[in-house]
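See below for the structure under consideration.
Quick note: numbers below take in every heavy atom, side chains included, and nothing from hydrogens, waters or symmetry partners. The chains referred to below are lettered A, B, ... by the order of the sequence lines, with proteins before strands, and numbering in each begins at 1.
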Amino acid sequence: MKQKRNLLAVFSICIIALSVSFLLSGCEKKTGTEEKLTFKIGETLPLTGKLGFMGESMKEALLMAKEEVEKQGGLKFNYEVIFEDDQLDPKLTANTVNKLINIDKVDAVISLDSGGGNITSELASAANIIHFGIAVSPTVADGKTNFLHWTTPREHSRVMIDALNKRGLKKVGILRSNYEDFEVQGNDFRDAVKGTGIEVVSEQVFELGEKDFRSFIAKMKENEKNNKPDIYLVLEMSPGLEIMTKAMMDAKIKTDMTSMMSFETTEEVNLFEGKWYVSPADATQEFTTNYNNKYKKNWVICAPNAYDVYKMIVFAVEHAAKSPSEKPTTQQIAAELFKIKDFNASLGTLWMDDKGMVQSKAQVKIVKDGKFVPIEG
Amino acid sequence: MFVQIVINSIIAGAIYTLIALGFNLICKVTRFFNLAHGVYAAVGGYAIFFFYKKLDIGLFLSVPLGVLIAGVTGFLSDKLLFLPLRKRKATSAIMLVASLGLFTALQEAIPILFNSQYKGLRDPFKTKTYEILGGVISEIHILIIASAILISAIVILLINKTAFGKAVKAIGDDEEVAKVIGIDTNRVIGYTFFVGAAIAGVTGILDGFETGLMPVMGMYLLLKGVIASIVGGVGNIYGGIMGSFLLSFAENFGIWKISDVWKDSISFGLLIVFLLFRPRGILGESR
Amino acid sequence: MMEYVLHLAIFISIYSIAGLSLNLIVGYTGIFSITHAVFYAVGSYATAILLTQHGVNFFLTILVGVLIAVVLSLLIGIFLSRFSEDYCAIVSLGFNVIGFAVLINWKGLTRGPFGFPGIGKPSIFDIVLSSKMSFLILSLSILAGVYALCRFLAASSFGRVLKAIRENENAIQVFGYNTFYYKIAIFVIGSVIVSVAGSLFASYLTFINPYMFTINESIFILVIIMLGGLASLGGSVVGALVLVLLPEALRFLGLPTLIAAQMRQVIYGIIIMLLMLFRPQGLIGEYKLQQ
């Protein structure tokens, strides 16, 4: 009997605690006496954890976009943004997106990364709201109301192949972790080089989270004896990127490195001083200057994408709505998004393809004086 | 390449030895697997970051401070958590779970104080590298190996030649009897925690310099230390050293022919093989 | 709001099933296993692969998952049963690590790090359980069945032998009981049940990848039953309730976003320590871990 009483007590406490929390959070939302309707946009990002600095920068860029849009004025609706931290863990993304959709009642949701993006696509479709993902995997854009804003792997490969050819580099060795995005990119590159005169002479894969690269590199050196690559294509993000690079330096590997985006994920930029690479984000000078002025630091990769996504959503909502007294339906917003052409954004002029993937260009850049500087091919 | 793999095995073995030393010491006197041991290393690493990089005190001051802080963390974890548990006659499984809680709390507190981004401690452009017999080794690696040798020697001397060491051995054999013959077991255990955690701190500092700092760096070291200890014989200092090198050689030679993505499987595979055929470890348990 | 509650309720029921199954192994029999996530993954991946690639009915996928879990748990169980508690913990952890490596590297079968997006919902006779409410009813029904089964096992003579093994394995061997068979049996039963939970998980979340089945997951399930109380069936449910709701409740506490997630984890760790210090039998348990 005592057990049953304990059970009941604990159960009741939990229910009460939860209810209180819900009520408290509910109290914060004022039922506005403003005239305009509010359009809510939810974001599920890694605000803490290894890539927390990336999520933070995205949040900042998005808030900057919001400010700029509001300054321009003439909006039919009020826009509210709600951020939730999912630490790039898809299970948590399920929780955050459920909360955003069902408690905050957002009208659109933005996600980062393929794992979380896939889950968000499902949930957003089911709830019939707009979803914009920033991820590599095309499945995130499945469905008529799911969209993707990230330079495609094929575009990356194309620009990389051009850059390699211009420099007379024919033999490429791929070094990557087994993370989904890098596998997608690596596979695409292998496919894209067919018939271009460039050859992938080796591909070495390591486990995400690896710390001990010494023997991995010993094997690299051994491979170099048989078929030395002209350059290594590195597909990995922080911290594996820095650890591996330092280990390569310790082992006196002389072969040069290049990457797609990777160099921009680290704070230790000096490791890659002087190296060229292909970047997905060719942000305009205007965006960079504004961000620097506002936040006194450099933007982190994916931030311009977040900025653009916000502006695109607002643009579509404003154009889809027939009048300020009625929020447009998701289908109407989606229709407007599909029409996007020549959209001036931080990443240049964007247009939407018929699969719901924003087409943006890849850009060759070089690391100079600790900054990422675009160069001509 | 063979030479390089041997060199790599020695380097890795040295790191594992350092972490296993501390782990074994504590295991010897407390008889449970302290899963928080890895975090003491992280504490040492981040403490050094704070003093060396943030406050810009020189290395000579920062290192001892870092080691001290790691040691104190270990000491406090005993006084505040494990000692009260021992007084309540907690079983080793309860202590294991409690250490898991400690590990979680401490490891997640690190990004609150510092952020969770990777931090390097050395300038790789300035690190000297040497060639030996066709393989390469850098000065940080030599430092790691030297530290492992030095600290192993110190611990072995400590255990065998000092009164403290004798007390540790006595408690390791039988805590009740040790109490009966007048050893203040709780005090000795407390100091053992300090020493063990301090050694972990050194490991964290070295690892921080070699690869860099991440809040989760402790987990990696802990797992290696646990495997090395069990393979060598839990609580056995010499066993820990042997186990560490067996592990590192198995890992590095193992991935010579197969892809690196299976490295963790090799580590645990070794553990499982040992437990199948020689569960008490190479040199037998000592606890 | 209701949808959010339903979502949490489904998570709680799935984790309750997982907790109950682990409780049979750890709480009743004393086998300290930290490899439960592997069998959870078996169910999830069986459902994911068969449902998305072959259009097999959801309930059949559960069956396939169960069959695979039986074979796998026999192998692993035979091995684990030889060890005492702390060693068992470490070894089982090793199996989890190896299991994860297989999931992420055997790309032909598991699609490696890509995981499986777009896993369908269960359907019975052409009725698709697409709403949260219907899924909740399904998971609660399975939970009820599992709970009844556990209760039956615990109260039976089989269950008494298990508890005796937990208390003093040598003693009961003296009485002629072949403890080895009992331990294997319960390990297989427990693994099979959590595989069912895994199938539910995959279908509900509609997306799985290997990173959901690491040792963190095994530890999570272990903490659920330790919190709720070992060898307490109601405790497993309570534990699941608290551990699923706690981070969500803390989300509403309005901690500054920069440290909110870490703060939650720190609180989580502190709770575990306090629990071990002051109430090691868990919230409702009767049994404190013994050697």
Can you tell me how far apart CD1 (B/Ile11) and OG (A/Ser215) are? Round to the nearest 0.5 Å. 9.0 Å
Where on B/Phe125 is there a heavy atom nearer than 4.5 Å to chain A: the side chain, the backbone, both, or neither? both
Of B/Ile15, B/Leu221, B/Thr211, B/Val216, which meets side-chain contact (heavy atoms from CB on, under 4.5 Å) against A/Lys211? B/Thr211
Are more than 12 heavy atoms from other residues, nucleotides or ligands located less than 6.0 Å from atom NZ of A/Lys371? no
How about NZ on A/Lys368, more than 12 heavy atoms from neighbouring residues, nucleotides or ligands closer than 6.0 Å, or not? no
Chain A heavy atoms under 4.5 Å from B/Val261: which part of the residue, side chain, backbone, both or neither? both
Option in B/Asn252, B/Ile140, B/Ile5 with maximal non-hydrogen atom pairs under 4.5 Å from chain A: B/Asn252
How far apart are the closest heavy atoms of B/Tyr16 and A/Asp212, and which atoms are they? OH-OD2, 4.3 Å
Go through B/Glu131, B/Arg122, B/Lys128, B/Glu139 and name the one with the most non-hydrogen pairs under 4.5 angstrom from chain A. B/Arg122
Leading residue by heavy atom contact count with chain B [cutoff under 4.5 Å; candidates A/Arg214, A/Glu268, A/Glu207]: A/Arg214
Counting only heavy atoms not in A/Lys297, do more than 12 fall under 6.0 Å of its NZ? yes
Minimal non-hydrogen separation, B/Ile255 against A/Phe216, with atom names: CD1-N, 4.3 Å
Would the number of heavy atoms belonging to other residues, nucleotides or ligands and lying under 6.0 Å from CE of B/Met242 be above 12? no
Largest heavy-atom contact set with chain A, pairs under 4.5 Å, which of B/Ser9, B/Gly212, B/Gly120, B/Ser259: B/Gly120
Among A/Lys246, A/Lys219, A/Glu222, A/Met249, single out the residue with the greatest number of heavy-atom pairs under 4.5 Å to chain B. A/Lys219
Can you tell if the side chain of A/Ile243 reaches within under 4.5 Å of the side chain of B/Tyr118, non-hydrogen atoms only? yes
Can you tell me how far OH of B/Tyr130 sits from NZ of A/Lys252, rounded to the nearest 0.5 angstrom? 10.0 Å
Could you tell me which portion of A/Leu271 (side chain, backbone, both or neither) has an atom closer than 4.5 angstrom to a non-hydrogen atom of chain B? both
In Å, rounded to the nearest 0.5 Å, how long is the span from CD of B/Gln4 to CD1 of A/Ile217? 9.0 Å
Do the non-hydrogen side-chain atoms of A/Phe206 and B/Lys263 ever get within less than 4.5 Å of each other? no
